[in-house]
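Residues: numbered from 1 along the sequence shown.
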Amino acid sequence: MEKLTLEQSLRGAEADDEVGSVGEGGWYGIARFRTASEAMDFANLLAAELGRELSGPDLAALMASVGVIWSEDDFGFVTYGLFDSRNEMETEWERIVKKTEDAGQE
């Protein structure tokens with residue numbers, strides 16, 4: 001999983017599922033790319049938030065992924081991970097959901 005930290009929030013991104021709260025330990029979202037079009041939509045949103053086009057390697061990594069899990073903390077920092085395996089992504093999502101529930105952030 002590749003992780004990058006951004007100063008901008010992906011406010012416009014639509015998550016398939018989400019847990020937590022920015023003010024209570026962090027918000028987490030997952031976007032599952034079912035088509036190349038969905039991956040490109042996310043790439044365009046990310047480029048708009050960054051205020052620049054994605055570099056060739058960044059765009060290629062995103063387009064090759066099956067989805068992304070991202071989080072936002074109470075300082076507005078966003079971290080995201082791209083996944084090339086749906087199984088790894090779902091396992092990580094289950095871990096995040098459990099951690100959030102255990103912390104009482106449902």
Side-chain angles (χ1 to χ4, degrees):
M1 177 169 73
E2 175 185 342
K3 287 190 176 180
L4 302 172
T5 301
L6 308 173
E7 292 182 15
Q8 295 87 354
S9 167
L10 293 171
R11 289 178 204 91
E14 289 191 27
D16 292 324
D17 291 307
E18 57 185 281
V19 294
S21 170
V22 171
E24 298 178 12
W27 174 92
Y28 300 86
I30 184 171
R32 297 169 181 94
F33 304 149
R34 290 166 279 284
T35 65
S37 176
E38 289 179 352
M40 183 54 80
D41 289 346
F42 194 88
N44 290 334
L45 175 68
L46 182 56
E49 287 291 331
L50 291 171
R52 64 172 172 78
E53 294 296 318
L54 297 180
S55 69
D58 289 341
L59 182 58
L62 198 145
M63 294 303 295
S65 70
V66 297
V68 60
I69 294 175
W70 73 103
S71 65
E72 184 173 356
D73 67 17
D74 55 349
F75 297 106
F77 288 98
V78 174
T79 302
Y80 73 94
L82 300 174
F83 292 84
D84 58 8
S85 163
R86 194 160 304 277
N87 188 41
E88 287 178 18
M89 182 176 67
E90 295 299 338
T91 298
E92 178 64 10
W93 183 247
E94 289 172 15
R95 186 193 66 75
I96 290 168
V97 169
K98 181 169 179 13
K99 179 181 85 167
T100 304
E101 288 172 350
D102 288 349
Q105 295 180 332
E106 304 170 49

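Residues Ala47 and Glu53 come closest through the heavy atom pair CB-CA, 4.2 Å. Here the closest heavy-atom approach between residue Arg52 and residue Ser55 is recorded as NH1-N, 4.3 Å. Across every non-hydrogen atom of Gly29 and Ala15, the tightest pair is CA-CB, 4.0 Å. Of all non-hydrogen atoms in Ser85 and Val66, the two that sit nearest each other are C-CG2, 3.7 Å. Between Ile69 and Ile30, the shortest heavy-atom distance links the atoms CG1-CG1, 3.9 Å. Closest non-hydrogen pair, Asp74 versus Val22, comes out as CB-O, 3.4 Å.
A 4.5 Å side-chain heavy-atom check between Asp41 and Phe33 finds every atom pair outside the cut-off. In this structure, the side chains of Met40 and Thr35 stay at 4.5 Å or more apart for every pair of heavy atoms. Considering only heavy atoms from C-beta on, Asp16 stays 4.5 Å or farther from Glu38 through its side chain.
Ring-centre distance between Trp93 and Phe83: not below the 6.0 Å cut-off.
Remark: Arg95 engages Glu92 in a salt bridge, criterion side-chain N to carboxylate O under 4.0 Å.
Rounding to the nearest 0.5 Å places CD of Glu18 at 13.5 Å from OH of Tyr28. Going from atom CD of Glu90 over to atom CZ of Arg32 covers 4.0 Å, rounded to the nearest 0.5 Å. Rounded to the nearest 0.5 Å, atoms CH2 (Trp27) and OG1 (Thr100) are 11.0 Å apart. Here the straight-line distance linking atom CG of Leu62 with atom CG of Leu54 works out to 7.0 Å at 0.5 Å rounding.
For residues 59-70, there are no salt bridge (Lys or Arg N to Asp or Glu O under 4.0 Å) pairs, not counting sequence neighbours.
Around the CG atom of Asn44, the shell of radius 6.0 Å holds more than 12 heavy atoms that belong to other residues, nucleotides or ligands.
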